[in-house]
Amino acid sequence: MHTMQNTTHFAADRPLDLICLGRLAIDLYARQLGARLEDASSFARYLGGSSANIAFGTARLGLKSAMLSRVGDEHMGRYLLDTLTAEGCDVSQVKVDPERLTALVLLGIKDRDTFPLLFYRENCADMALEEADINEDFIASSKALLITGTHFSTAKVNAASRKALVLARKHDVRTVLDIDYRPVLWGITGRGNGEERYIASDGVTAHLQSVLPLFDLIVGTEEEINIAGGSDDVLTSLATVRQLAPQATLVVKRGPLGCAVIPGAIPARIEDAFSVKGAQVEVMNVLGAGDAFLSGFLSGWLHGRDYGWCCTRANACGALVVSRHGCSPAMPTPAELDYFLGLEQTPLRPGDDATLSRLHRVSVQRKQWDDLCVFAFDHRNQFFELARQSGADEARISVLKRLLVEAVAQTESALQLQGHIGILVDDRYGEDAMYAATGRGWWIGRPVELPGSNPLEFDRGRTATARLESWPQEHIIKCLVQYHPDDTLENRLEQEAQVRAIYEAAQLSGHELLLEVIPSKKLPQQPDTVLRALKRFYNLGIYPEWWKLESMSVAQWQAVDALLAERDPYCRGVVLLGLHASLDVLRQGFADAAASRSCRGFMVGRTLFHEPSQRWLAGELDDAGLIAAARGNFETLIDIWRSRRQPR
């Protein structure tokens, strides 16, 4: 493929690559594909707004990006800040507005050509950005500043955007205009016509043309180039834009045809410009495709890559996002792009490529867990038996589990274990405990298996997988399977089918999966039994984020480490289970796992809770005594774990 050199100059040694100024909003996407927006009954919440999508997308692709905008002082504003921060985006200059709500958009996917959307942006936070919000030192800290067209549409945001542009020019910061023309946001169509992409307007054209000389890179669709140039002919419009911005590189997005880059004179035909063909995919949702395109383009442009590289990545990003639900969560990672661009033939439906879908799920930036200390009290049968033996009301189990959460919280505080604490808890007896633990930043696992079932059955029957939609995203699916690779064919196939069902449900719901593998003790145990079980699941295309395994010898740990390195380098890790073992047995198990690269911690239950719970249910311990005893056991085990653990 021929290419063209990118000769853009960027200031060196800047802490930021890109500042994105503009819309920062909530997107609520209808889950029902093919339905009118009027008929949508449930919605998925995502980060939205063109500038925010680009800040998110470029951060995901490795740029040091930042957002410059406003959000409301409420739950949705905090969600947007958390989402950008988690992706590695700087939000230090996103002002929290105490007087306005975060902007909101409702979006639908009716068919491949119809994408209804409603903007709820009356007096919203991001449109209240003002000149005082623009910090000169912050602008000067970046290589580039991006502004989208909407933030020239009212007097206040126009003044703020122009101030930012003047400061960018002063400090050798390259400037980028994403024209991003939405007639409804300029007030030239009805509020119900958010889907409308182009309405000619002399006023909008004149306004845009007044700022074009301030930009080094101008990006838009053919329709957007026309609104900037003031003509219904793209070449005529390009000529006008070139006259007003003689130094700017122009990028024309052409949908499935790809894109064209024009750093100099306007050619006689758009086809004569330097062009890169787009990837051909089936469209699910065009909304946000342009943001993805520009994220891909900027990820190369800001690193001095040639325009062939920039355009190829940009087109691939756009193709992947149009094939997925939503915009920001659909943005690809570098690993996805490398895989997608390395395919001999582009899949018409990228979502059908299992490897690509899995890379999209696992190669994003995620919270890292190491030295994970998990108190497991998801047991159901065992707590029922404890209550029965003590003559206690079954309802007391719920109170007991809530007290165990308090014990874990006190341990976290006393030992300063933030980021290393977790629980396993059920929703049969532990629902109140689970709610009390959610939102603390803990690792939280929830069981789905029917206790003791072999072949595997789900605790809630066939509705178990459907219920995942009601789970918070931070909750992790825990599924225990008594799987033995030498089991009878009938039993093994049934076990595998059930594991596949919960794995596929996890792919749809977005929850991580912990697969606890305990080979049936009714069958002979060999040194490689567990290893062969894990290999079998990988051969079936089942890649849980976590494995939970019994204690193993050093040699067995080394074999598991090698398997994970070969088959699943994105695996989150392995955790040790306890099986009511004594502290001495656990101490030896911890020692054997000490050098393992894949072991991330332990998940132990009955060793910790059995004796104090029995005494509490029998009335021999009060609440404080139960908490103290459970804490003592937990903290003793943590000390043992950490004393055996080698520095990582």
Between Y543 and Y538, what is the ring plane arrangement, given parallel below 30°, perpendicular above 60°, and tilted in between?
tilted
Shortest non-hydrogen contact from A52 toward L84:
O-CD2, 4.2 Å
Between CD1 of I26 and OG1 of T83, what distance do you get to the nearest 0.5 Å?
7.5 Å
Find out whether Q558 and M552 are in side-chain contact, i.e. whether some heavy atom of one side chain is under 4.5 Å from a heavy atom of the other.
no
Quick check for you: to the nearest 0.5 Å, what is the distance between L287 atom CG and L107 atom CG?
5.5 Å
Measuring from atom CG of N53 to atom CZ of R60, what distance do you get when rounded to the nearest 0.5 angstrom?
11.0 Å
Q525 side chain to L523 main-chain N or O, any donor-acceptor pair under 3.5 Å?
yes
Check the pair V448, D459 against side-chain contact (heavy atoms from CB on, under 4.5 Å), reporting the backbone distance first and the verdict last.
CA-CA 6 Å; V448 293; D459 198 10; over 6 Å; no
Answer with yes or no after comparing the ring centroid distance for Y483 and F537 against a 6.0 Å cut-off, counting only values under it.
yes
CD1/I518 to CG/L549 distance, rounded to the nearest 0.5 angstrom?
9.0 Å
Do L450 and F458 make a side-chain contact, defined as non-hydrogen atoms from C-beta onward lying under 4.5 Å apart?
no
Taking side chain as C-beta onward, heavy atoms only, is F377 less than 4.5 Å from V405?
yes
Does the side chain of E394 reach to within under 4.5 Å of the side chain of R388, using non-hydrogen atoms?
no
Would you check if H325 and Y46 make a side-chain contact, meaning some heavy-atom pair closer than 4.5 Å?
yes
Minimal heavy-atom distance between T607 and A581, with the atoms involved, is OG1-O, 2.7 Å
Can you check whether F590 and F602 have ring centres sitting under 6.0 Å from each other?
yes
I would like to know whether V604 and L576 meet side-chain contact (heavy atoms from CB on, under 4.5 Å); could you show each step before the answer?
CA-CA 8 Å; V604 174; L576 280 167; over 6 Å; no
With no hydrogens and no angle check, do the side chains of S50 and D291 hold a donor and an acceptor under 3.5 Å apart?
no
Between S357 and P350, the two heavy atoms sitting closest are OG-O, 4.1 Å
Count the heavy atoms belonging to other residues, nucleotides or ligands that lie under 6.0 Å from CD of E469, then report whether that count exceeds 12.
no
Taking V481's backbone N and O only, do any of them form a donor-acceptor pair with Q495's side chain (distance below 3.5 Å, no angle check)?
no
Step-by-step side-chain hydrogen bond (donor to acceptor under 3.5 Å, both in side chains) determination, T333 to H360
CA-CA 7 Å; T333 65; H360 182 65; over 6 Å; no
Is Q368 reaching over with its side chain to a backbone N or O of R572, donor-acceptor style, under 3.5 angstrom?
no
Heavy-atom donor-acceptor pair, Q556 side chain to S553 backbone, under 3.5 Å:
yes
Please tell me if the side chains of L343 and D353 come closer than 4.5 Å, counting only heavy atoms from C-beta onward.
yes
Less than 4.5 Å apart, side chain to side chain, heavy atoms only: is that true for P519 and V530?
yes
Pairing donors with acceptors under 3.5 angstrom, does anything connect the side chains of S42 and Q32?
yes
Quick check, are the ring centers of H610 and H580 under 6.0 angstrom apart?
yes
Applying salt bridge (charged side-chain N to carboxylate O under 4.0 Å, His left out) to R492 and D486, what does each step give before you reach the verdict?
CA-CA 8 Å; R492 184 164 54 79; D486 298 327; over 6 Å; no
Verify side-chain contact (heavy atoms from CB on, under 4.5 Å) between L356 and L320, making sure each step is shown before the conclusion.
CA-CA 10 Å; L356 186 63; L320 287 170; 3.7 Å; yes
Atom pair CG/CZ of L468 and R446 - distance to nearest 0.5 Å
8.5 Å
Give a yes or no answer on whether the side chain of R600 reaches the backbone of R597 with a donor-acceptor pair at less than 3.5 Å.
yes
Considering all heavy atoms of both residues, which atom of L456 and which atom of L480 are nearest to each other, and what is their separation?
CD1-O, 3.5 Å
Please lay out, stage by stage, how V281 and R349 fare under the test side-chain contact (heavy atoms from CB on, under 4.5 Å).
CA-CA 6 Å; V281 297; R349 294 186 175 185; over 6 Å; no
If you compare all heavy atoms of A533 against all heavy atoms of V517, which two are closest, and at what distance to 0.1 Å?
CB-CG1, 4.1 Å
Backbone N/O of L531 and side chain of D528: donor-acceptor pair under 3.5 Å:
no
Interatomic spacing from CZ in R644 to CZ in R642 - rounded to 0.5 Å:
14.5 Å
One pair to check against ring-ring contact (aromatic ring centres under 6.0 Å, His included): W546 and Y570. What are the steps and the verdict?
CA-CA 10 Å; W546 298 91; Y570 290 103; over 10 Å; no
Would you please test Q526 and T529 for side-chain hydrogen bond (donor to acceptor under 3.5 Å, both in side chains) and show each step?
CA-CA 5 Å; Q526 303 295 332; T529 296; over 6 Å; no
F43/Y29 under ring-ring contact (aromatic ring centres under 6.0 Å, His included): CA gap, chis, key distance, verdict
CA-CA 5 Å; F43 294 81; Y29 268 85; 9.4 Å; no
Measure across G296 and S299 and return the closest heavy-atom pair with its distance rounded to 0.1 Å.
O-OG, 2.6 Å
Where do R606 and E385 land on the salt bridge (charged side-chain N to carboxylate O under 4.0 Å, His left out) test, with the steps shown first?
CA-CA 13 Å; R606 282 174 287 175; E385 283 301 317; over 6 Å; no
Run the numbers on D592 and R587 for salt bridge (charged side-chain N to carboxylate O under 4.0 Å, His left out), then give the verdict.
CA-CA 9 Å; D592 291 336; R587 184 179 284 108; over 6 Å; no
Any side-chain heavy atom of M67 within less than 4.5 Å of one from L24?
yes
Would you please test E474 and T438 for side-chain hydrogen bond (donor to acceptor under 3.5 Å, both in side chains) and show each step?
CA-CA 8 Å; E474 68 183 281; T438 301; 5.1 Å; no
When you measure from the centre of the six-membered ring of Y429, is the NZ or CZ of R380 under 6.0 Å away and within 45° of the axis?
no
Scan E449, E545, E512 and name whichever one has a salt bridge (Lys or Arg N to Asp or Glu O under 4.0 Å) with K478.
E449
Decide yes or no on salt bridge (charged side-chain N to carboxylate O under 4.0 Å, His left out) for E550 and K521, but give the supporting numbers first.
CA-CA 12 Å; E550 297 176 86; K521 301 303 186 255; 2.9 Å; yes
Could you walk me through whether S520 and Q482 pass the side-chain hydrogen bond (donor to acceptor under 3.5 Å, both in side chains) check?
CA-CA 5 Å; S520 172; Q482 297 182 52; 4.9 Å; no
Exercise: do E412 and W442 side chains pair donor with acceptor under 3.5 Å
yes
